[in-house]
Amino acid sequence: MDLNDKQKEAVQTTDGPVLVIAGAGSGKTRVLTERIAYLVRSKRAQPTSILAFTFTNRAAREMKQRLESANPGICERMWVGTFHATGVKILRRHGDRAGVSRDFSIYDATDSLELVKVSISQRTLEARLMRSPTSVRDQISRWKNELISPQMAAMRAANNIEKRIVSLYSEYERGLRRANALDFDDLIAKVVELFSIDPEVKRHYATRFRYILVDEFQDTNPIQMAMIEALASEHRNLFVVGDDDQSIYSWRGAKVEHILNFENLYSDTKLIRLEQNYRSTQTILDAANHVIVNNKGRKGKELWTAGERGEKIEMLVSMDEESEANNVLHTVRELAGEGVALRDIAVLYRTNAQSRALEDVLKLGSLPYQIIGAVRFYERAEVRDILAYCKLLANPADNVSLKRIINVPKRGLGKTTYEKLSEHAAFSNVPIMQILRSGAFALGSSQTKRCGEFVRLFATLESIAATKDAPQVIEAIVDGINYREHLRDNYPDGESRIENVDELINAAEVYTENREDRSLRAFLEEIALVADVDALDDESGQLTLMTLHNAKGLEFDCVIIAGLEDGLFPHINSMDNEEALEEERRLFYVGMTRACRRLFCSYANMRRRMGVIEGGSPSRFLYEIPEELMVGSIQMMEGHSRSDSLGFVDNEFDQSTGYARGVSAAGRVAAAPREFEDYSQEELVYSVGMRIHHDDFGRGVVRRVEGSGENLRVTVIFDRGGERKFVARYAPMRPT
DNA sequence: TGGTAGAGGCTTTTT
DNA sequence: GCCTCTACCA
């Protein structure tokens, strides 16, 4: 396939700043790789002078693979990676000039949360008044991403609570320094700091990187922008690609304004728009265009394709999340029956919690699937335990990791002992491990002996780590602490935990294959930065399940978007403000445009959330899709409120599974929907103890009544067993 | 110090 | 509904 004129222009405009507004599926990845190849082949650019930023490691890997397959050897000395990975590279080389030691550890989200908790607990008087650790950590992260130091934050603090959070921020920063650790935000922030402290270093990199490329530019935050600007300051050959309609990370500090302001920042910017889509059918594009046009703050663009209209978008309507899962399963089976490979189908949803119901049903249906994200491999307790040992070996000052494993498995060094050691360390301002090793602590004889044993164990592991490769070191840790035995004896699911530990060793082995640096440290670095999408295995014949956020940048032949209900998608927390709602809409837009050929939209009338059954109405976004583009439409009737028209599609309604679906446009037509009766009539009054009849669950007795009017909720205990809560208005239920 | 049971928070999205 | 943290007792 040849490049179109716009794409060609984007590839060949090599000098000066270039802003490419690239619609979904407009071939931007191709433009990026072609441009890099063009720079090297036609402009004789050195690969070392090229720096490309991607959003995920996976995207970086794919870009390198594409480049390599057409131009063998081209990537060897080229920098292609995420902002975070690039930051690590720079800091390992020159970080010492900004006071960052070269063997720093990287703290992930869990580690930094732990550090926040420690900071809070050191201020017992304040702990009670403090917001949750998570919100403190998020606030700290927001400050860091906006280049706000503790000092600056202190000046801005308006009230007592804010001042306390600021003091936690300072405490947290001290904790990081003491542990010789950087958190995710630091990986970029410290680079920016380094560049401002040491103009020599800045000039070194800015001179080296003659050509800079940035993918997913709409999702860069201020600190990343500062890094980009510094790096581009010498040559100004800055090529950024983004789509304001796909900006979905503002909650992480990303500023879509970076796109909108780019032309002000670089007045000689060349603006190029890519609007021709090579991915989806016209029907899918029309639907997506109709949805996104409801957003106000956008640059405005309309995707089109030279391809076919394609099939209509199908609605899947289900009773609850379980039947939704069944509905998804049947749809996938049907697609598979038509010859679609499972790896070409994806199920996308708003929240990770939704994966459970889907997973349960897919398991029962023995359909092979992979879930991206739900319970992350590197988040599992057993994996984290072993990794904590590893991190401690790489950096003995890492107090958070020490705290995690000092008593795992149990070796009689509990909370009290740990706290005494920690106090000694804080007093002397040295790492806890140093206190342990020096023996400079006042403890009873049995505790002193146990500490000595731990120090000896650690020394043995250290000597192994000094000479062996990562997999052998991990194996030595697992053996040295009898970890497999510990798991088998202490957990009912011990065997599967052991498998996870073995999987970790396996991952280390895979990593060290064909690698020069096989050290534990190199392996730790690699996994510290992996995202879940990085693990996506697109060669395997499995159905893929993931969040909409994770789906960014990917495409699938068929896409099912599940859980399209108001309150879930758009999410309840985003429904009361226009900006947040627009971001939800962009997220839906991203989801729709992942589909090449077939798109399914699914919602359930009831859903269990955090243990409570809630009634749901179809997502407001569904009503933004023109009806003529859909099969089995959601039926919004004139003069009716939306929630009155929760229509089941009549045909193919299956009593046994409780699901209904529209029929594909391939010949068959959906029958008129059966309308729900309106149960909101005012004479339906419920009181505790009243006997009722429910169409689906039979007879029962009212146990609780909450709310009033439209929000009247009734909890019923059914005669056949089970207790359920309904929104009275939507439940097919009457007093008897 | 370690085990257990109950409380409480959580579920928006992640490099 | 599930997971984590905490308080209390052995």
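What's counted below: heavy atoms across the whole structure, side chains too, no hydrogens, waters or symmetry copies. Residue numbering restarts at 1 for every chain, and letters A, B, ... go by the order of the sequence lines.
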Quick note, A:Tyr249 side chain, CB onward, closest among B:dT1, B:dG2, B:dT14 is B:dT14
Of the nucleotides B:dT1, B:dT13, B:dG2, which one has an atom closest to the side chain of A:Lys410? B:dG2
Let me know, please, whether A:Ala353 or A:His84 comes out on the 5' side of the other along DNA chain B by nearest nucleotide. A:Ala353
A:Glu565 has an atom CD; how far is it from atom C1' of B:dT11, in whole Å? 15 Å
Could you give the CG-to-C1' distance, from A:Asn145 to B:dT14, as a whole number of Å? 11 Å
Contacts of A:Glu555 meeting side chain to side chain contact (heavy atoms under 4.5 Å, CB included) (sequence neighbours excluded), chain-then-number -> A:Arg279, A:Cys596
For the C1' atoms, the ones on C:dT6 and on B:dT11, what distance do you get once it is rounded to whole angstrom? 22 Å
Ignoring backbone atoms, establish whether A:Asn407 has a side-chain N or O less than 4.0 Å from OP1 or OP2 of B:dG2. yes
Would you kindly compare A:Arg137 and A:Tyr418 by the position of their nearest DNA chain B nucleotide and give the one closer to the 5′ end? A:Tyr418
For B:dT13 and A:Asn550 - does any side-chain N or O of the residue sit under 4.0 Å from the phosphate oxygens OP1/OP2? no
So A:His549 and A:Trp251, would you call those rings parallel, tilted or perpendicular, with 30° and 60° as cut-offs? perpendicular
Between C:dC3 atom P and A:Arg380 atom CZ, what is the distance in whole Å? 11 Å
State which of B:dT14, B:dG2, B:dT11 makes the closest approach to the side chain of A:His571. B:dT11
Strictly below 4.0 Å: does A:Asn352 bring a side-chain N or O up to OP1 or OP2 of B:dT14? yes
Could you check how far CG of A:Leu182 sits from P of B:dT15, rounded to whole Å? 19 Å
Between A:Phe55 and A:Tyr249, is the ring centroid distance below 6.0 Å? yes
Nearest-nucleotide pick for A:Lys117, side chain only, options being B:dT15, B:dG2, C:dC5: C:dC5
Separation of B:dT13 atom P from A:Glu579 atom CD, nearest Å, is 21 Å
Kindly say if A:Thr547 contacts the phosphate of B:dT14, meaning a side-chain N or O under 4.0 Å from OP1 or OP2. yes
Can you tell me how far C1' of C:dG1 sits from CZ of A:Arg609, to the nearest Å? 13 Å
Hey, does the side chain of A:Gln447 come within less than 4.0 Å of B:dT1's phosphate (OP1/OP2), counting only N and O? yes
Could you check how far CG of A:Leu187 sits from P of B:dT14, rounded to whole Å? 19 Å
Starting from P on B:dT11, measure out to OH on A:Tyr349 and report it in whole angstrom. 16 Å
Answer yes or no: does atom CD of A:Glu453 have more than 12 heavy-atom neighbours from other residues, nucleotides or ligands under 6.0 Å? yes
Side-chain donor-acceptor distances from residues 567-575 of chain A under 3.5 Å, at least two apart:
from     : atom 1 : to       : atom 2 : distance (Å)
A:His571 : ND1    : A:Asn573 : N      : 3.1
A:Ser574 : OG     : A:Glu584 : OE2    : 3.3

A:Arg608 has a side chain; which of C:dC2, C:dG1, B:dT1 sits nearest to it? C:dG1
Could you check whether A:Phe83 gets within reach of a base, just the sugar-phosphate, or nothing at all, counting any heavy atom under 4.0 Å? nothing
Name the closest nucleotide to the A:Arg356 side chain, picking from B:dT14, C:dC2, B:dT15. C:dC2
With a 4.0 Å cut-off, would you call A:Asp385 and A:Arg497 a salt bridge? no
